[in-house]
2 protein chains.
Amino acid sequence: MKEDYKKTDDGYEYKYPRAAITTDCVIFGFDGRYLNILLVERGIEPFKGSWALPGGFLKMDERVEECAFRELKEETSLEPEQIEQFGVFSSLDRDPRGRVVTVAFYALVKRTHVIGGDDANDARWFPIEDLPPLAFDHKEIIDEAMLALKRDLHHQPIGFMLLDEQFSMPELQRLYEAILGRHFDRRNFQKKMMASGIVTPTVYSESTGHRPSKLFTFNPLEYKKMKEENTNGKEF
Amino acid sequence: MKEDYKKTDDGYEYKYPRAAITTDCVIFGFDGRYLNILLVERGIEPFKGSWALPGGFLKMDERVEECAFRELKEETSLEPEQIEQFGVFSSLDRDPRGRVVTVAFYALVKRTHVIGGDDANDARWFPIEDLPPLAFDHKEIIDEAMLALKRDLHHQPIGFMLLDEQFSMPELQRLYEAILGRHFDRRNFQKKMMASGIVTPTVYSESTGHRPSKLFTFNPLEYKKMKEENTNGKEF
DNA sequence: CCTTAATTGTGTAATTATGACGCAAAACTA
DNA sequence: TAGTTTTGCGTCATAATTACACAATTAAGG
């Protein structure tokens, strides 16, 4: 590759000005009732002490997806199976440090895998309906992530990344309701899920304060099939 | 805004190396039978003489959307109503000039608005099934654009941007078939379109080589409603 | 031990959407 | 006037969606 910069004593010199590139991750978790988002407390200026999305600057030897993974691991020690790119944010004044363009991703993780803030900064889950004031334009990014998630829920089997290996039908339904923001009829919901073939009953039950619910697992074969056919318009 | 660079005699100096940012546009057009893509012939190295997507480098006073619009106008004199961002491409070796990250958009334009190549380079429509060899990773970008278009066709009333004000039902159907790559039954297709409320018949007819077809327009009210509700999962 | 509260499992009927298909009508050609 | 092409309009069977009701299981309280 031809060198497109000149190394100087103080840094790197380019013929034309360049914006910096960052990645930011909206991490969704589910606590059984509400959708949550993982935020980190900023340890440095700007917005020191504010809550923000995990993310950081792109290095020269990585793609944006790799950058998002790396930053996420560094700041939250999370390593999600999959991340989904959903938008680029490039307003001129979105970062007080200068011109920064960010590529935004979302990912889904099980809430049981909680965080040990690897960096100095704290990391915490916040319910989506009750977020603290956020740094930069991160509120706007989260709003877009929600739209992307709603859109993708029907075409990708992402719901299962948020639940444990085994889950009850009411749990799954609450998840769908939390994401889509609307209510479903219990009976019709179960019927549709069963008909789609992505869940299989595992006959086991658990003991709770009321009638125990049957537990399900998702069907990895159907899971894979849907991932490949996600443009076929089949809803589930 | 705090300055994040140092102006030198030869250019702009940054503490850490930075990738350059470009935008690229996949412009779809419809000739009544096939889906087409607008390509420009590169006038300079690298890939001089090759066909490529219109696009170029981000300036410091514009957002990526504005960059895409500007480059598109400069290179093809097109000014589409709307562009849709669908992906970021950041492979390390995708551009021989160095590290370049591109933000990709697609847009839909009526084929009647043809091009006067404003720049030195030529600009031409190519049927999607018969593209020439392309510069950079532009083939991959086009493939992704097709997937995004297929996905969005059901949730956004984009089909109408590709057709004239008035269009016959067979024309609309051919467009859907060209995009989705599958066949529909004439009668069911019309039934569904009418039921969705986005088309209104305009009783007029035209004179052709066979039975004249009724002409339709799209319904701007439904159009607007759908744009707002595009996450509700209603298909059309 | 029986009742109540909470929650889950299961079934059925009405409505709506989808997919397959047939036939007649309008323009052009011969 | 007959043949060809292409369109308009309709019907029927099947599949998907929605609305709705009652019985079963556990824990808690008298």
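Just so it is clear, the values below take in all heavy atoms, side chains as well, and ignore hydrogens, waters and symmetry mates. In what follows, chains carry the letters A, B, and so on, assigned in the order in which the sequence lines appear, proteins first and then strands, with residues in each chain numbered from 1.
- OP1 or OP2 of dT10(C) sits under 4.0 Å from a side-chain N or O of K214(A).
- Among the candidates F216(B), Y176(B), F218(B), the single residue satisfying the side-chain contact (heavy atoms from CB on, under 4.5 Å) test with M193(B) is Y176(B).
- If you measure from atom CG of L215(A) to atom P of dG9(C), you get 9 Å, rounded to the nearest angstrom.
- For R187(B) against dG22(C), a side-chain N or O and a base N or O form a donor-acceptor pair under 3.5 Å.
- Each of dC21(C), dC20(D), dG8(D) was ranked by its minimum atom distance to the side chain of N188(B); first place goes to dC21(C).
- Atom CE of M194(B) is separated from atom C1' of dT18(C) by 18 Å (rounded to the nearest Å).
- For the residue pair E71(B) and T23(B), no side-chain donor N or O sits within less than 3.5 Å of a side-chain acceptor on the partner.
- Atom-to-atom, CZ of F189(B) to P of dT7(D) comes out at 13 Å; the value is rounded to the nearest Å.
- Atom-to-atom, CG of D185(A) to P of dG11(C) comes out at 15 Å; the value is rounded to the nearest Å.
- Relative to the side chain of P212(A), the nucleotides dG10(D), dG9(C), dT26(D) differ in distance, and dT26(D) lies closest.
- Between the C1' atom of dT8(C) and the CZ atom of R174(A) lies a distance of 11 Å, rounded to the nearest Å.
- Between the E177(A) side chain and the F184(A) main chain, a donor and an acceptor come within less than 3.5 Å of each other.
- We find that CZ of R186(B) is positioned 14 Å from P of dT5(D), with the value rounded to whole Å.
- Between dA20(C), dC9(D), dT17(D), one nucleotide has an atom nearer to the side chain of K191(B) than all others, and that is dA20(C).
- Rounded to an integer number of Å, the gap from F184(B) CZ to dG19(C) C1' is 12 Å.
- Counting heavy atoms from C-beta outward, F167(A) and V199(A) have side chains that approach closer than 4.5 Å.
- Computed from coordinates, the F216(A) CZ to dG9(C) P distance equals 7 Å when rounded to whole Å.
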